[in-house]
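Nothing fancy with the numbering, it's 1 onward along the sequence. Just follow the structure's listing: the first ligand is 1, and inside any ligand the first atom is 1.
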Amino acid sequence: MDGYESLESIGSGSFGLIRKVRRKADGKILARKEIDYRKMTTKEKEQLVAEVNILKDLKHPNIVQFLERVIDREHCFIYILMEYCEGGDLAAVIKRHKESSTPIPEEFVWNIMVQLIMALHECHHGTTTNEETHQVTPRPILHRDLKPDNVFLDGKHNVKLGDFGLSRSLTNPQKAFAQTYVGTPFYMSPELIGEFTYDAKSDIWSLGCVIYELCALQPPFLADTQAQLSARIKEGRVQSLPGNYTQELNQIVKWMLQVNVSL
Ligand SMILES: CNC(=O)c1c(C)[nH]c(/C=C2\C(=O)Nc3ccc(Cl)cc32)c1C
């Protein structure tokens with residue numbers, strides 16, 4: 001990694017820490033995920049390969065841009081260079097507003113929601129084009145771990161969906177078929193609890209949880225145990241947003257958190 005100057009650590013992602021770095025050639029600031037693969041299981045290494053293959057195929061203004069992957073075999077490290085998001089993650093935004101007891105402005109919530117819908121549309125309905133044949137193929141990708149910690153902000157209020165460490169590419173786009181579920185329990189969708197399967201609707205459910213949390217400054221479903229949380233999620237009873245948010249926003253969140261919706 002001689003071409004980069006290491007700066008401070010800025011967080012942790014799937015498999016490793018995230019560090020701010022400066023590219024020596026042009027001074028550009030980037031984010032670098034640093035992964036020590038000595039301790040990784042075979043399955044984790046496969047998951048990491050899948051993450052890189054998914055990330056490098058995704059080019060969209062609302063998805064963190066992958067730049068390059070570097071393998072340091074001498075020290076058993078893999079480095080993933082990605083765009084820097086100076087605004088940090090949404091979890092920190094929620095924490096700041098919760099600590100100061102100030103609601104997040106509705107305008108900001110709509111802005112986040114629209115941009116995350118664009119990012120998820122690119123994941124779920126994106127395509128790849130073969131350079132030789134120019135054949136266009138659907139390339140459905142499930143994020144599977146959408147949560148405030150995985151949503152980042154650049155310096156211009158642009159929203160960037162990040163950390164595809166648990167994402168999956170659906171090889172057969174006709175079948176929105178199941179994938180084994182992993183991810184953050186608070187944002188687990190009802191279909192996961194039942195059959196532990198995952199499809200595009202589940203990312204929409206997680207989006208509903210993120211938007212709800214931006215407004216209520218806490219997740220829509222809370223419990224002390226996984227069993228209690230699962231029961232509450234399957235029941236699907238969601239409190240309305242705080243009174244300062246409009247009925248329109250309330251309704252959209254309720255639609256995204258509706259149990260047994262078949263798209
Ligand atoms: C306290 N840390 C931060 O404010 C922060 C900042 C300024 N940037 C980040 C994170 C990322 C960042 O800046 N670019 C990223 C690309 C991919 C992933 Cl998974 C994360 C990032 C974070 C967590």
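- The shortest N or O to N or O distance between C85 and ligand 1 is under 3.5 Å.
- Of all atoms in ligand 1, numbered sequentially from 1 with element shown, those under 4.0 Å from a heavy atom of D163 are 19 (Cl).
- Under the 30°/60° scheme for interplanar angles, the aromatic rings of Y79 and F77 are found to lie parallel.
- Residue contacts with ligand 1 leave out K20, since none of its heavy atoms falls under 4.0 Å from the ligand.
- Counting heavy atoms closer than 4.0 Å to ligand 1, residue E83 contributes backbone atoms (N, CA, C, O) but none from C-beta onward.
- Looking at atom 20 (C) of ligand 1, its nearest protein heavy atom turns out to be F152 CZ, 3.4 Å.
- Side chain of H143 to main chain of D163: a donor-acceptor pair is present (N/O by atom type, distance under 3.5 Å, no hydrogens or angles).
- Not one N or O on the side chain of K160 forms a donor-acceptor pair closer than 3.5 Å with the backbone of I63.
- For atom 4 (O) of ligand 1, the closest non-hydrogen atom of the protein is G88 CA, 3.5 Å.
- Considering backbone and side-chain atoms alike, I10 places an N or O below 3.5 Å from some N or O of ligand 1.
- Atom CG of D2 has 12 or fewer heavy atoms from other residues, nucleotides or ligands within 6.0 Å.
- Within the structure, the ring-ring contact (aromatic ring centres under 6.0 Å, His included) test picks out the following pairs touching residues 206-243 (sequence neighbours left out): W205-F221.
- Here D203 does not pair with R144 in a salt bridge; the nearest charged N to carboxylate O distance is not below 4.0 Å.
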